Amino acid sequence: MKKKFFSLLIAFTMAVSLLTGCADDEWIEDEYYGEDSDDEESEDEYEEDYEETETPPSTADGVKGLSMSVNNNSGELTIDRMSLSLGDNKTDDNTWTIFVYICGTDLESDNSAGTGDLDEMMQASPSDNVRFIVETGGTNQWNNDNVDCEKLQRFLIQNGEMTVVDEKSLDNMGSKDTLSDFLSWGVETYPSEHMGLILWNHGGGSITGVCFDEMHNSDSIDLMELDTALYDCAGKSGRKFDFIGFDACLMGTIETANILATYADYMYGSEESEPGSGWDYNAIGSFLAEDSDADGAELGKVVCDSFLESCEREGDSDITTLSVTDLSKMDMLLTEFNTFAKNMYESDNSGLAEIVREIREADNFGGNNKSEGYTNMVDVGGIVSGCSSYVEGSDAVLAALKDAVVYKVSGSTHPDAMGLSMYYPLSVQGSNELSLFSKVSVSPYYVSFVDRQNKTGATDESLDDYNDDQWFSEDGEWEWGEAEDDGHWDYCDDYQQTGESQFITFAANPDVNDEGVFGFTLDEDGINNAAGVSALVYELAEDGQNLIELGETIDISGDWETGVFTDNFDGYWLSLPDGQNLAIYPAEKTEEYIIYTSPILLNGEETNLRMKQEYDSGEIVIEGAWSGIDDSGAADKNIVKIKNGDIVTPTYYSIDMNGNDIGEYTGLEYTVSGQLEIVYNLMEAGSYQYSFCIDDIYGDYYATDYVEFTVSGDGEITF
């Protein structure tokens with residue numbers, strides 16, 4: 001069997017697996033912010049009056065606990081945070097109170113994850129100095145006899161017992177008001193020397209936030225709402241939490257840490273999706289029972305280590321990440337990043353393509369491909385270090401990042417993850433997403449860097465036409481959280497990718513040469529405007545009129561110096577044991593292996609099969625089925641193992657001969673017998689179609705004409 005794993009590895013480094021172009025035929029109109037949400041709080045309500053609560057300590061603008069500003073003349077970042085003293089309810093009782101906000105959703109109703117964690121809290125070593133105060137809601141079913149899904153309930157868990165201490169009418173746990181009410185009640189009712197807060201649920205990263213309530217149209221608490229809820233609580237308690245953590249996916253971000261730095265000493269958060277087993281509350285409670293003098297950093301190490309160990313026991317440790325961030329170090333990190341972002345924005349545009357390619361090659365989290373959806377969360381260290389050859393100031397950012405992230409763990413998929421991610425639009429999901437990004441971004445120059453690329457691709461403006469005046473007042477001041485008129489981003493809503501990017505130009509047009517090799521050569525402008533090269537493979541549908549997409553191949557040879565790219569395709573593909581080719585899309589890659597994802601129906605339910613292929617041995621390991629990112633922007637926590645008797649049905653995207661999407665194509669049902677095995681074999685003899693996709697740096701792409709290739713019975717590939 002012929003395999004080209006060495007060339008595949010080289011090709012992956014060169015090619016782009018996170019397509020902003022060919023994987024998505026247009027910028028998708030945002031699905032995250034529909035009109036059906038029961039929580040009618042708009043972004044404008046973020047700056048609501050606080051007349052219904054006690055007046056919090058004053059801040060620069062009288063509204064938030066954080067004021068950040070940049071003077072456009074000097075480029076200097078100024079940060080002012082509300083001053084939090086110990087407060088009257090700070091005690092010296094050596095007691096830890098951990099508030100846990102459990103929005104159960106399908107994690108509980110389908111998998112009893114909330115019930116399992118409540119049991120772990122009760123199993124922790126007994127101690128009068130450790131207590132969990134839990135609020136429950138947000139799910140249509142609790143799988144235990146203690147919790148009522150028709151109410152918001154509050155429990156005291158201590159010394160192995162779980163007691164109801166308060167009940168309220170069912171309300172939206174995706175609302176800042178519900179969180180604020182719980183915290184304000186909690187810190188007043190259970191004051192203690194040490195306090196922590198855990199937000200338990202699905203997470204979606206810096207844009208969609210955390211705590212998606214399935215009883216309220218999956219409404220969630222975004223970062224601005226989280227700021228408001230914590231501000232309300234701080235106004236009553238006058239003190240910080242020892243830590244704020246997220247037993248949820250994707251919330252270990254620089255934008256989140258910036259918010260929390262006002263309200264806590266440490267943040268615990270994962271850059272990546274969290275496996276469904278979540279944190280180990282037995283380990284957390286038992287550690288504090290033995291050492292109630294521990295600080296947030298010491299506890300954070302236990303949270304990380306025990307989480308990784310629990311994931312290893314469940315066989316879900318590969319993608320695991322979790323980090324502890326010292327929030328007192330955030331202002332230095334933000335200051336250094338703002339300087340770096342200014343240099344990146346003001347750098348010579350001739351190097352922009354190299355910068356974009358490096359960012360897109362950086363470690364990213366939460367799927368970010370056609371099959372699984374996009375979170376657009378990318379490792380901060382990966383972005384900065386990737387740009388270090390082109391942008392000044394990277395060393396200072398990396399030093400500040402390492403200083404801030406005091407502990408972290410990660411599995412084999414993310415060995416280089418540096419502890420905090422940030423938003424970068426690998427695939428733009430609409431104006432609402434970008435508008436929220438501009439409000440929570442930690443630097444106006446980073447917003448300008450992102451906006452300039454998008455606007456150049458979507459309008460008639462050129463890079464040189466762009467200016468960043470919209471972020472600054474007449475006095476040249478940028479204020480955090482007070483972004484431009486929301487209408488600024490409307491330019492992207494009506495934009496559709498053409499597949500014929502004007503920025504991709506050739507010295508030699510795509511063609512098949514005399515030796516049967518398909519390739520092309522970019523000219524100098526094409527090289528300076530190209531973000532990545534990939535290729536899609538198709539087979540003809542039974543009707544003979546449409547094409548079935550078999551997915552993306554990374555078996556390409558290319559050189560960015562010369563602009564010469566050719567296919568390096570050997571005709572091997574991943575398939576089910578019955579011979580059905582799967583539609584495969586790269587999701588993650590390391591130095592040892594690549595993870596592919598494939599859309600399937602598992603027992604009739606839409607999901608994605610995740611497969612890990614080793615470069616050296618070619619071994620294929622099935623990680624399980626993962627649903628990816630849902631319409632609300634939440635990342636699924638559960639990787640479902642494939643079992644004997646499961647029915648796997650491959651699904652495919654389908655297009656007509658003109659490249660227009662016509663929906664999905666469903667393959668044949670395959671019943672798993674014993675353990676599912678994925679085959680990597682030569683494709684069945686016949687004719688197929690192949691097209692290069694060349695992404696530009698502005699959000700569009702160039703798709704070459706389809707070229708037919710044939711696979712012969714003896715394994716010969718002919719274009």
Side-chain angles (χ1 to χ4, degrees), residues 96-100 113 116-127 129-130 132 157 194-200 203 241-253 256-257 260 264-327 329 363 365 379 381 401-421 590 623 637 639:
W96 266 92
T97 300
I98 299 180
F99 300 97
V100 190
D117 284 346
L118 292 172
D119 289 341
E120 288 179 358
M121 294 176 203
M122 288 188 285
Q123 292 164 7
S125 299
S127 172
N129 292 333
V130 182
F132 295 96
I157 299 178
H194 301 288
M195 297 195 308
L197 167 63
I198 299 172
L199 298 170
W200 187 108
F241 290 95
D242 293 62
F243 77 87
I244 297 176
F246 299 89
D247 192 355
C249 300
L250 301 163
M251 296 306 297
T253 80
T256 307
L260 299 192
D265 294 330
Y266 294 92
M267 178 182 83
Y268 311 157
S270 171
E271 292 186 83
E272 184 55 282
S273 302
E274 278 196 357
S277 55
W279 293 5
D280 186 340
Y281 291 88
N282 186 337
I284 294 170
S286 296
F287 169 74
L288 291 177
E290 293 295 324
D291 187 4
S292 57
D293 286 330
D295 63 16
E298 294 168 323
L299 176 60
K301 184 178 185 300
V302 173
V303 173
C304 289
D305 290 342
S306 61
F307 170 59
L308 181 60
E309 290 169 5
S310 68
C311 292
E312 290 172 342
R313 289 194 298 269
E314 297 296 325
D316 294 330
S317 63
D318 283 355
I319 67 169
T320 299
T321 64
L322 194 62
S323 61
V324 180
T325 302
D326 181 347
L327 297 175
K329 306 295 180 62
D363 204 358
F365 310 96
D379 187 68
L401 177 61
K402 291 177 181 178
D403 194 35
V405 178
V406 295
Y407 193 75
K408 59 186 176 69
V409 296
S410 59
S412 60
T413 303
H414 300 293
D416 299 321
M418 295 190 69
L420 290 174
S421 64
T590 70
E623 294 194 325
K637 288 183 73 171
I639 298 178

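Nothing here was measured: the structure is a model prediction, and the numbers come from that model.
- The CD atom of E272 sits 9.5 Å away from atom OG of S421, with the distance rounded to the nearest 0.5 Å.
- Taking the side chain as every heavy atom from C-beta outward, W279 and L322 approach each other to under 4.5 Å.
- Taking each heavy atom of S323 and V405 in turn, the nearest pair found is CB-CG1, 4.0 Å.
- Side chain of S273 to backbone of C249: no donor-acceptor contact under 3.5 angstrom is found.
- Under the 4.5 Å side-chain criterion, counting only non-hydrogen atoms from C-beta, P275 is not in contact with I639.
- A side-chain donor from one of S270 and T321 sits under 3.5 Å from a side-chain acceptor of the other.
- Counting only heavy atoms from C-beta outward, the side chains of V324 and M267 never approach each other to under 4.5 Å.
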Give the intermediate values and the outcome of side-chain contact (heavy atoms from CB on, under 4.5 Å) for residues E623 and D318. CA-CA 9 Å; E623 294 194 325; D318 283 355; 3.4 Å; yes
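- Side-chain atoms of I284 and L299, non-hydrogen and from C-beta on, do get closer than 4.5 Å to each other.
- Of the N and O atoms on the side chains of E271 and H414, not one donor lies less than 3.5 Å from an acceptor on the other residue.
- No donor-acceptor pair closer than 3.5 Å links the side chain of D326 to the backbone N or O of A404.
- Scanning all heavy atoms of the two residues, the minimum distance from F287 to A294 falls at CE2-CB, 3.6 Å.
- The side chain to side chain contact (heavy atoms under 4.5 Å, CB included) with F365 is formed by just one residue from the set T413, D379, T253; it is D379.
- Taking CG of D280 as the reference point, atom CG of L308 lies at 11.5 Å (rounded to 0.5 Å).
- To the nearest 0.5 Å, atom CD of residue E298 and atom CG of residue D293 are 9.0 Å apart.
- Note that CG of D403 is 11.0 Å distant from OG1 of T325, once rounded to the nearest 0.5 Å.
- Within the 3.5 Å criterion, the main-chain N or O of A289 finds no donor-acceptor partner in the side chain of S292.
- Residues satisfying the salt bridge (Lys or Arg N to Asp or Glu O under 4.0 Å) criterion with D295, sequence neighbours excluded, are absent altogether.
- Salt bridge annotation for D316-K637: absent, with no cationic side-chain nitrogen under 4.0 angstrom from a carboxylate oxygen.
- A heavy-atom distance below 4.5 Å is found between the side chains of R313 and S310.
- Summarising the geometry of S317 relative to E312, their closest heavy-atom pair is CB-CG, 3.5 Å, with the distance given to 0.1 Å.
- Interatomic distance, K402 NZ to K329 NZ, rounded to the nearest 0.5 Å: 14.5 Å.
- In this structure, F246 and T256 have side chains that are in contact, with non-hydrogen atoms separated by less than 4.5 Å.
- Closest approach of Y281 to E120, counting heavy atoms only: N-OE1, 2.9 Å.
- Here the side chain of Y268 pairs a donor or acceptor atom with the backbone of G300 at under 3.5 angstrom.
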If you apply the rule side-chain contact (heavy atoms from CB on, under 4.5 Å), what do you find for L327 with I244, and how did you get there? CA-CA 10 Å; L327 297 175; I244 297 176; over 6 Å; no
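- Checking side-chain atoms of S286 against main-chain N and O of S125 turns up a donor-acceptor pair under 3.5 Å.
- Residue G196 comes nearest to F241 through the heavy atom pair C-CD2, 4.0 Å, listed as atom of the first residue, atom of the second, then distance.
- Counting heavy atoms from C-beta on, the side chains of D117 and D247 come closer than 4.5 Å.
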Kindly indicate, with the supporting measurements, whether the criterion side-chain contact (heavy atoms from CB on, under 4.5 Å) is fulfilled by V100 and M121. CA-CA 11 Å; V100 190; M121 294 176 203; 4.1 Å; yes
Go through the steps for L260 and Y266 under the test side-chain contact (heavy atoms from CB on, under 4.5 Å), then give the verdict. CA-CA 8 Å; L260 299 192; Y266 294 92; over 6 Å; no
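- Taken to the nearest 0.5 Å, the OG1 atom of T320 stands 11.5 Å off from the CD atom of E309.
- F132 places none of its side-chain heavy atoms less than 4.5 Å from the side chain of L118.
- A pairwise comparison of heavy atoms in T590 and S412 identifies CG2-O, 3.5 Å as the closest pair.
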